[in-house]
Amino acid sequence: MGVVLGEEVVEYRGIGHTQPRRVTNGISPRSVLIVNKLRTKPVVEAIETLLTYIRENYPDVQVYHEDRPDIPEGAKVWRPGPDAEPIDLVITLGGDGTILHASSLFKVGAVPPVLSFSMGTLGFLLPFHIDDYTKAIDSAFAGRITVLHRMRLSCSFQDSGGSPVDTHCDDWQVMNEIALHRGSSPHLNTIDVFVDGQHLTEAVSDGLIVSTPTGSTAYSLSAGGPIVHPSLSAIVLTPICPRSLSFRPLVFPSSSSITLRISERSRASAGLSMDGQISHVLSPGESVTVRASLHPIPCINRSSITEPPQMRPDEDGAIGGMSGEGVGPGKEDDWVRDINNLLQYNATFRSKALTRHSRS
């Protein structure tokens with residue numbers, strides 16, 4: 001199973017295939033899906049600008065939009081599901097939540113490459129500012145891009161007898177995390193944790209978070225979990241306010257299967273949220289099993305959008321060289337830049353003062 005962007009087919013075999021991959025010498029996508037946050041005036045203007053540019057420069061491309069009352073003029077309605085129209089490229093406008101929503105539209109099967117534009121907000125999943133739309137779209141449509149396959153999690157549910165529960169979907173796919181929590185209950189949850197069928201521990205806590213490397217900088221980080229590079233294949237288990245101080249976060253290989261079962265001795269049911277949106281309630285005896293999905297999300301990197309190699313200066317300043325100041329396209333790590341700029345990673349008081357001074 002794969003998605004074609006240009007002439008190269010990016011295969012989704014899940015485990016172990018999250019390294020950035022260069023896609024070159026391609027042809028323009030034939031269909032584009034626009035996913036945006038609430039249509040404020042800046043969002044409306046940005047969509048109109050994007051659509052105008054695509055129509056003028058790529059007239060053969062069909063543009064789709066979700067089935068919403070605010071669908072842009074000229075776009076066709078797109079509905080997710082097994083009979084959905086094939087999409088070659090997803091363009092998002094908004095914040096990180098918009099990308100999570102785009103992921104939720106492809107609960108089953110492969111996800112098209114995602115080109116993400118921020119609308120003045122900061123986020124780990126927002127490589128491009130909307131002002132850079134021409135260079136980003138041209139490079140993506142020409143196939144001169146680097147795609148980072150961000151891992152997703154596949155979630156299935158079981159009843160107290162261990163039988164699968166029908167959730168009207170083969171397996172729910174999440175990009176950041178699933179979180180089991182006590183919700184409005186005054187009691188702690190008691191949750192049995194199994195790894196590859198082996199009982200790991202009985203967790204008494206406010207809840208548990210199972211996250212991807214991408215999700216490691218979201219809810220899991222706030223709960224004390226580790227920061228994991230998104231190119232790694234790993235599953236992070238983070239307790240939420242555990243009763244035992246020795247219950248620390250764990251990182252498992254992506255080949256692991258993690259089952260969280262609400263203990264029969266638990267005094268309350270547990271709420272379950274996936275990427276902060278979809279909720280279920282698990283009663284004592286019921287469980288959720290989490291695995292690495294076979295279908296990650298191919299996100300287009302900011303560092304890959306540059307001029308073609310023949311247009312970049314070489315060491316002597318001549319056009320056509322592959323070297324020059326800085327690293328070449330696809331080599332620079334957007335994530336390293338983000339944890340410094342967004343998280344202010346390990347920033348001392350002095351470095352914060354220098355940052356403020358440099359901005360003034």
Side-chain angles (χ1 to χ4, degrees), residues 5 10 12 14-23 90 92 94-100 102-103 111 113-130 132 135-136 139-140 144-153 174-177 209-238 249 251-254 275-276 292-293 295-306 325-348 351-352 355:
L5 182 59
V10 180
Y12 298 123
I15 298 169
H17 289 270
T18 56
Q19 292 293 337
R21 183 171 181 180
R22 191 105 176 127
V23 183
V90 177
T92 68
D96 283 354
T98 306
I99 304 176
L100 295 180
S103 169
V111 185
V114 178
L115 178 61
S116 306
F117 292 102
S118 70
M119 295 298 302
T121 56
L122 296 177
F124 274 88
L125 306 178
L126 302 172
F128 307 100
H129 192 274
I130 190 60
D132 299 323
K135 183 183 292 187
S139 295
R144 297 191 307 269
I145 60 173
T146 297
V147 171
L148 174 63
H149 292 188
R150 289 183 177 267
M151 175 180 164
R152 290 200 297 176
L153 297 176
V174 298
M175 186 176 182
N176 265 1
E177 77 278 310
I209 302 168
V210 182
S211 78
T212 63
T214 295
S216 70
T217 51
Y219 190 9
S220 174
L221 181 62
S222 296
I227 300 175
V228 183
H229 196 286
S231 68
L232 296 178
S233 295
I235 300 176
V236 181
L237 176 68
T238 306
V251 180
F252 297 96
S254 60
D275 281 349
S293 170
H295 308 289
I297 295 188
C299 296
I300 297 175
N301 283 349
R302 173 175 57 220
S303 59
S304 68
I305 304 300
T306 62
E325 184 178 357
V327 294
K331 299 295 184 182
E332 184 177 348
D333 196 328
D334 296 342
W335 178 83
V336 171
R337 180 164 42 191
D338 286 341
I339 65 169
N340 280 284
N341 292 346
L342 300 182
L343 283 186
Q344 295 292 304
Y345 176 68
N346 198 32
T348 62
S351 60
K352 288 179 180 179
T355 300

Margin query: Using a 3.5 Å distance criterion without hydrogens, assess whether the side chain of Ser216 forms a donor-acceptor pair with backbone atoms of Val228.
Written below: yes
Next item on the list: Would you give the length of the straight line joining atom CG of Leu153 to atom CD1 of Ile235, rounded to the nearest 0.5 angstrom?
Entry: 6.0 Å
Check: Between Ile300 and Pro127, which heavy-atom pair has the shortest distance, and what is it?
Finding: O-CG, 3.4 Å
Check: Can you tell me how far OG1 of Thr238 sits from CG of Leu221, rounded to the nearest 0.5 angstrom?
Finding: 9.0 Å
Check: What residues, two or more places apart in sequence or in another chain, satisfy side chain to side chain donor-acceptor pair (under 3.5 Å) together with Thr214?
Finding: Arg150
Next item on the list: For Ile130 and Met119, run side chain to side chain contact (heavy atoms under 4.5 Å, CB included): C-alpha distance rounded to whole Å, both residues' side-chain angles, the deciding distance at 0.1 Å, then the answer.
Entry: CA-CA 6 Å; Ile130 190 60; Met119 295 298 302; 4.2 Å; yes
Note to self: Please report the interatomic distance NE2(His149) to SG(Cys299), rounded to the nearest 0.5 Å.
What the structure shows: 9.5 Å
Next item on the list: Show your working on side chain to side chain contact (heavy atoms under 4.5 Å, CB included) between Ile227 and Thr217 and close with a plain yes or no.
Entry: CA-CA 6 Å; Ile227 300 175; Thr217 51; 3.9 Å; yes
Item checked: CA sep, side-chain torsions, deciding dist, call: Leu115, Phe128, side chain to side chain contact (heavy atoms under 4.5 Å, CB included) -> CA-CA 8 Å; Leu115 178 61; Phe128 307 100; 3.3 Å; yes
Margin query: For the OG1 atom of Thr92 and the CD1 atom of Ile99, what is their distance to the nearest 0.5 Å?
Written below: 4.5 Å
Margin query: Does Phe117 form a side chain to side chain contact (heavy atoms under 4.5 Å, CB included) with His129? I'd like the steps, not just the answer.
Written below: CA-CA 5 Å; Phe117 292 102; His129 192 274; over 6 Å; no
Next item on the list: Please round to the nearest 0.5 Å and tell me the distance separating atom CG of Asn340 and atom OH of Tyr345.
Entry: 9.0 Å
Notebook entry, point to check: Which heavy-atom pair separates Pro249 from Pro226 by the least distance, and what is that distance?
Noted result: CB-CD, 3.9 Å
Margin query: Looking only at side-chain N and O atoms, does His295 offer a donor or acceptor that is under 3.5 Å from a partner on Ser293?
Written below: no
Checklist line | Gap between atom NE2 of His229 and atom CD1 of Ile339 - 0.5 Å precision | finding: 8.0 Å
Check: For Ser103, which residues count as a side chain to side chain contact (heavy atoms under 4.5 Å, CB included) partner, sequence neighbours excluded?
Finding: Arg152, Met175, Ile297
Note to self: For Leu125, is there any backbone N or O sitting under 3.5 Å from a side-chain donor or acceptor partner on Asp96?
What the structure shows: yes
